[in-house]
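When a residue number appears, it is its place in the shown sequence, counting from 1. Atoms considered below: every heavy atom in the structure, side chains included; atoms not considered: hydrogens, waters and symmetry mates.
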Amino acid sequence: MRTGDKALLRETYAQTTHAAVSLERFAEDQHRQAVAREREPTRRRLQETLQQRAHEHRAAAEMAAAKEQLQRDEIRALRQDRDRALLGARDREERQAQEAWLWRTRRAIEAQRQARTHPHGDALVESGRQLEEQVAQLLNRDGFTSVEVTGALGDLGADVTARTLEARRVVVQCKNYADRRVTSKELQRFGGAFRTMHAADIVLIVTTTDFTRAAIDYARQAGIRLMDGHDLRQWSRGTPLTLD
């Protein structure tokens with residue numbers, strides 16, 4: 001073979017080899033592109049899934065933050081309501097304490113005025129009805145039952161009724177006087193009726209002043225209990241009532 005032919009052959013071989021390599025590379029590129037095209041939908045779905053999950057995570061975080069903020073706002077509102085309630089309660093307590101102090105001051109001034117005018121001034125009340133209610137409250141305090149303010153008019157009326165623990169019926173008539181004593185005639189008018197009209201086992205006459213000597217003697221004979229202004233004052237201060 002001639003030298004020129006050998007050179008041509010080598011060149012042809014080299015070109016053929018290069019073309020084969022290029023073709024192989026082209027085939028590989030086409031294969032990779034085909035695989036990439038096949039994987040593209042999966043990649044896109046994966047990317048969309050990741051984006052959706054990231055969005056859901058952000059939404060969940062925002063919702064949790066909003067819920068936490070709402071809880072903080074509710075706690076703040078509750079604390080504000082509590083503070084306002086406490087402040088209102090303190091204001092009411094201060095007003096009530098001030099009103100109570102004024103009431104006690106007025107009562108003390110009135111008691112001092114009455115003490116200068118009447119010997120039993122601190123046992124006086126403003127009206128007969130208040131005396132009846134005071135007696136009823138004291139009976140309740142001392143354990144009497146079925147206590148009732150009847151408020152009947154006249155010397156034959158029973159102002160307060162109650163029962164002892166032994167179920168004995170107690171009938172009370174109240175005499176709210178400021179400057180005179182209860183007389184024997186007043187006791188006699190009531191003493192003749194308390195058993196027949198009121199079926200009383202025990203009768204008690206309460207006055208804010210005192211009883212005449214004749215009234216005391218009659219009460220002893222008739223079995224009537226008496227309570228003068230001094231005894232009423234002691235009863236009001238806590239001394240229990242005994243009707244044995």
Side-chain angles (χ1 to χ4, degrees), residues 100 103-104 107-108 110-244:
W103 180 84
R104 289 193 300 269
R107 294 287 294 180
E110 180 64 19
Q112 292 175 359
R113 184 187 65 79
Q114 292 177 354
R116 290 192 297 268
T117 307
H118 308 291
H120 306 293
D122 55 354
L124 291 175
V125 290
E126 296 179 0
S127 68
R129 182 67 177 184
Q130 289 183 353
L131 176 59
E132 295 165 6
E133 293 176 352
Q134 178 185 358
V135 168
Q137 292 174 1
L138 293 173
L139 288 170
N140 274 313
R141 184 201 69 188
D142 289 349
F144 288 79
T145 61
S146 304
V147 179
E148 180 180 1
V149 178
T150 59
L153 299 176
D155 289 334
L156 300 181
D159 296 322
V160 183
T161 60
R163 288 192 179 275
T164 66
L165 294 178
E166 297 79 15
R168 301 171 68 192
R169 180 174 171 78
V170 181
V171 175
V172 184
Q173 190 175 69
C174 301
K175 301 292 186 182
N176 181 35
Y177 294 154
D179 53 5
R180 73 179 186 86
R181 296 185 293 176
V182 181
T183 65
S184 174
K185 290 183 179 180
E186 293 174 285
L187 265 63
Q188 291 175 20
R189 283 194 293 268
F190 184 63
F194 75 89
R195 293 191 187 278
T196 57
M197 292 182 59
H198 304 296
D201 298 310
I202 301 173
V203 62
L204 174 65
I205 308 295
V206 178
T207 183
T208 53
T209 56
D210 206 343
F211 300 91
T212 64
R213 172 54 59 183
I216 295 173
D217 293 340
Y218 173 79
R220 186 179 297 110
Q221 296 173 5
I224 299 175
R225 273 78 165 178
L226 301 180
M227 178 179 289
D228 60 18
H230 177 270
D231 293 337
L232 177 59
R233 180 170 64 251
Q234 297 302 317
W235 190 24
S236 301
R237 291 177 177 175
T239 301
L241 176 65
T242 57
L243 296 177
D244 297 335

**Student:** How long is the span from the CD atom in Gln137 to the CD atom in Gln134, to the nearest 0.5 Å?
**Tutor:** 7.5 Å
**Student:** Which residue, Val172, Val160, Asn176, Val206, forms the side chain to side chain contact (heavy atoms under 4.5 Å, CB included) with Glu132?
**Tutor:** Val160
**Student:** Work out which heavy atom in Leu232 is nearest to a heavy atom in Met227; give both atom names and the distance.
**Tutor:**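 What the structure gives for the nearest pair is N-CG, 3.7 Å.
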**Student:** Tell me if a side-chain donor or acceptor on Thr208 pairs with a main-chain N or O of Tyr177 at a distance below 3.5 Å.
**Tutor:** yes
**Student:** Out of Val149, Asp159, Thr207, which residue meets the side chain to side chain contact (heavy atoms under 4.5 Å, CB included) rule with Cys174?
**Tutor:**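 Answer to the side chain to side chain contact (heavy atoms under 4.5 Å, CB included) test with Cys174 among Val149, Asp159, Thr207: Asp159.
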**Student:** Please report the closest heavy-atom contact between Tyr218 and Ser184, naming both atoms and the distance.
**Tutor:** CB-OG, 3.8 Å
**Student:** Taking Val182 as the fixed residue, which of Leu187, Asp228, Leu226 is the one that meets the side chain to side chain contact (heavy atoms under 4.5 Å, CB included) rule?
**Tutor:**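 Between Val182 and the candidates, side chain to side chain contact (heavy atoms under 4.5 Å, CB included) is satisfied uniquely by Leu187.
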**Student:** Where the side chain of Thr212 meets the backbone of Thr183, is there a donor-acceptor pair that is under 3.5 Å apart?
**Tutor:**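 Judged by distance alone, no pair lies under 3.5 Å.
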**Student:** Out of curiosity, Arg169 CZ to Asp201 CG, how far, rounded to the nearest 0.5 Å?
**Tutor:**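 So the gap between those two atoms works out to 8.5 Å.
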**Student:** Looking only at heavy atoms, what is the nearest atom pair of Val203 and Phe190, with distance?
**Tutor:**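 Heavy atoms only, the tightest pair is CG2-CE2, 3.1 Å.
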**Student:** Of all the heavy-atom pairs spanning Ser236 and Arg141, show the shortest one and how long it is.
**Tutor:** O-NH1, 3.8 Å
**Student:** Measure from the side-chain N and O atoms of Thr239 to the backbone N and O of Gln234, and report whether any donor-acceptor pair falls under 3.5 Å.
**Tutor:**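 Yes.
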**Student:** So how far is it from His198 NE2 to Gln173 CD, rounded to the nearest 0.5 Å?
**Tutor:**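 Here the rounded value is 7.5 Å.
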**Student:** Within this structure, what is the NZ-CG distance for the pair Lys175 and Leu131, rounded to the nearest 0.5 Å?
**Tutor:**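 Lys175 NZ to Leu131 CG: 11.0 Å, rounded to 0.5 Å.
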**Student:** With rounding to the nearest 0.5 angstrom, report the CD1 to CZ distance, Ile202 to Arg225.
**Tutor:** 5.0 Å
**Student:** Look up atom CG in Leu241 and atom CH2 in Trp235, then write down how far apart they are to the nearest 0.5 Å.
**Tutor:** 5.0 Å
**Student:** Scan Thr145, Val170, Leu139, Val147 and name whichever one has a side chain to side chain contact (heavy atoms under 4.5 Å, CB included) with Arg163.
**Tutor:**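 So the option named by the test is Thr145.
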**Student:** What are the two closest non-hydrogen atoms of Arg180 and Glu186, and how far apart are they?
**Tutor:** NH2-OE2, 3.2 Å
